[in-house]
Amino acid sequence: MGYRILETDDIPAYLRERGHWDDAADPRVREVSDGNMNRVFLATSTDGTRSLAVKQALPWVRVAGPSWPMNPDRADAEARAYEQVAKVAPDKIPAVHGYDPENYALVMEDMSDLEVLRTLLNEGAPYGPHTSARIGEFVAQFSFATSDFGMASADRKALIAASVSPELCKITEDVVLSEPYIEHEHNHWHEGLDDLAAQFRADAGLRTEVADLRHTFMTGAQALLHGDLHTGSIMVGEREGAPVVRVFDPEFSFVGPIGYDLGLYWANALVSEERARALGTLSDHEDQLRLSWEAFETEFRRLWPTRVDPFFDDAYLDRFLCRVWTESLGYAGTEIIRRIIGFAHLTDLTTLADPIPASRRALLLGRELILRRAELTSPNAVREAVASLT
């Protein structure tokens with residue numbers, strides 16, 4: 001039949017065709033698209049006891065329409081990432097009931113009973129004791145399983161070949177790891193940040209360090225990544241009295257440096273901290289980098305004895321984790337900067353009555369993380385860097 005763009009009225013028949021709906025009555029369907037890229041529908045039974053989500057990648061960026069074309073095969077990357085995570089951390093992603101590669105559509109668990117982490121944080125809620133630890137575990141489990149430590153060499157090479165994503169990687173290489181440091185039409189910022197934006201563009205040393213991180217992003221094929229791991233791609237809540245953390249939207253997934261995923265999460269956590277500081281609502285924000293790193297390191301070390309290649313000994317593990325830590329800090333810095341003087345700003349800051357003081361602190365921290373990433377050797381050192389900001 002070929003690729004077709006699904007509309008709300010198409011969903012009941014589509015679910016029946018794909019074998020996902022066998023109730024006598026058709027489901028009630030509503031569109032709940034919220035992100036920049038795709039369309040999402042919820043199909044719910046008439047008695048409300050059963051619900052499914054249908055997510056389809058469009059041949060353009062949803063919020064821009066056909067004027068910004070985008071290959072819908074990004075859904076292949078998302079489905080591939082879910083398939084890999086389901087083998088090692090099924091409790092940290094939505095259940096996927098099926099993928100339709102012809103129409104670039106996923107049928108998944110309905111997570112409407114959960115809340116987007118960024119939304120909760122912006123409303124003043126704390127992270128709680130489980131969220132960042134679960135994210136650290138998620139990155140460790142996913143990255144170890146798809147690295148040369150957890151996967152046979154031939155299988156790894158096949159995964160790398162299947163996971164090449166030139167279009168989406170180019171977006172990251174440009175929007176995150178290049179454009180904020182040059183004159184570019186995508187860049188914009190509040191007027192009170194003109195001086196810092198100009199300083200960053202004129203800082204040759206900063207640009208060299210970002211170039212190093214950019215090259216590592218382009219060449220460091222360590223593991224399959226989520227690729228866009230921020231507080232807007234995490235849902236949290238409770239089910240049957242137990243905390244639930246679900247990571248979703250891995251459509252930017254590709255094989256790259258592990259520190260990129262951790263760095264994106266840390267950037268969002270640190271910016272959320274600046275928002276809370278500006279509002280006088282700091283709670284557990286200051287602990288999140290430490291909690292996620294400790295969980296990541298603990299889980300990665302727990303998995304280490306299962307490595308497929310014994311040549312990588314325990315001494316190498318220490319060196320490897322040190323490199324991941326350092327690169328994570330650098331990528332955190334680049335993500336903070338692009339979210340303030342680059343493209344696609346964070347509502348954590350833009351919804352403040354006066355976003356300038358918090359934005360300035362965050363920008364200065366981003367620069368520190370990039371330039372001093374080799375010196376900041378522990379979460380405590382990062383905390384001291386945050387405390388020293390003016």
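Keep in mind that the numbers below use all heavy atoms, side chains included, and drop hydrogens, waters and symmetry copies.
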Item to complete: Determine the sole option in Tyr331, Phe254, Phe252 for which the ring pair (Phe, Tyr, Trp, His ring centres under 6.0 Å) test with Tyr260 is passed.
Response: Tyr331

Worksheet entry | Short N-O contact, Asp23 and Arg16, less than 4.0 angstrom | no

Discussion item. Suppose clustering is done on Ile, Leu, Val, Met, Phe, Trp and Tyr with side-chain heavy atoms closer than 4.5 Å. Which residues sit in the same group as Leu15?
Written reply: Leu6, Ile11, Tyr14, Trp21, Val29, Phe41, Leu52, Val54, Val107

Worksheet item: In this structure, are over 12 heavy atoms from other groups packed under 6.0 Å from Arg50 atom CZ?
Response: yes

Discussion item. Over 60° means perpendicular and under 30° means parallel, so tell me whether His188 and His345 are parallel, tilted or perpendicular.
Written reply: parallel

Practice prompt. Please report the C-alpha distance between Asp110 and Ser112 in whole Å, then the side-chain angles of each, then the deciding distance to 0.1 Å, and finally whether the side chain to side chain donor-acceptor pair (under 3.5 Å) criterion is met.
Written response: CA-CA 6 Å; Asp110 173 11; Ser112 58; 2.8 Å; yes

Practice prompt. Indicate the ring-plane relationship of Phe144 and Trp304, choosing parallel, tilted or perpendicular according to the 30° and 60° boundaries.
Written response: perpendicular

Worksheet item: In terms of the angle between their ring planes, are Phe300 and Phe149 parallel, tilted or perpendicular, with boundaries placed at 30° and 60°?
Response: perpendicular

Worksheet item: What pairs of residues pass the salt bridge (Lys or Arg N to Asp or Glu O under 4.0 Å) test when at least one of them lies in residues 141-155, not counting sequence neighbours?
Response: Asp148-Arg156

Worksheet item: What do you reckon, are the aromatic ring centroids of Phe312 and Phe320 less than 6.0 Å apart?
Response: no

Worksheet item: Same cluster or not: are Leu376 and Phe296 linked, directly or through other Ile, Leu, Val, Met, Phe, Trp or Tyr residues, by side-chain heavy atoms under 4.5 angstrom apart?
Response: yes

Worksheet item: How about Asp9: does its CG atom have over 12 heavy atoms from other parts shown lying under 6.0 Å from it?
Response: no

Fill in: Side-chain ion pair, Glu83 and Arg80, N-O less than 4.0 Å
no

Item to complete: With salt bridge (Lys or Arg N to Asp or Glu O under 4.0 Å) as the test, would you mind laying out the steps for Glu209 and Arg372 before giving the verdict?
Response: CA-CA 10 Å; Glu209 294 303 322; Arg372 297 182 56 210; over 6 Å; no

Worksheet item: Could Arg323 and Glu327 be called an ion pair, given the rule that one side-chain N must be under 4.0 Å from one carboxylate O?
Response: no

Fill in: Of Trp293, Tyr265, Trp266, the residue whose pairing with Ser132 passes side chain to side chain donor-acceptor pair (under 3.5 Å)
Tyr265

Under 3.5 Å, side-chain donor or acceptor atoms of residues 87-94 against the rest of the protein: list the pairs with distances, not counting sequence neighbours.
| residue | atom | partner | partner atom | Å |
| --- | --- | --- | --- | --- |
| Lys92 | NZ | Gln141 | OE1 | 3.2 |

Worksheet item: Is it true that Glu273 and Arg361 have a side-chain N and a carboxylate O under 4.0 angstrom from each other?
Response: no

Discussion item. Within this structure, what is the CD-CD distance for the pair Gln56 and Glu7, rounded to the nearest 0.5 Å?
Written reply: 8.5 Å

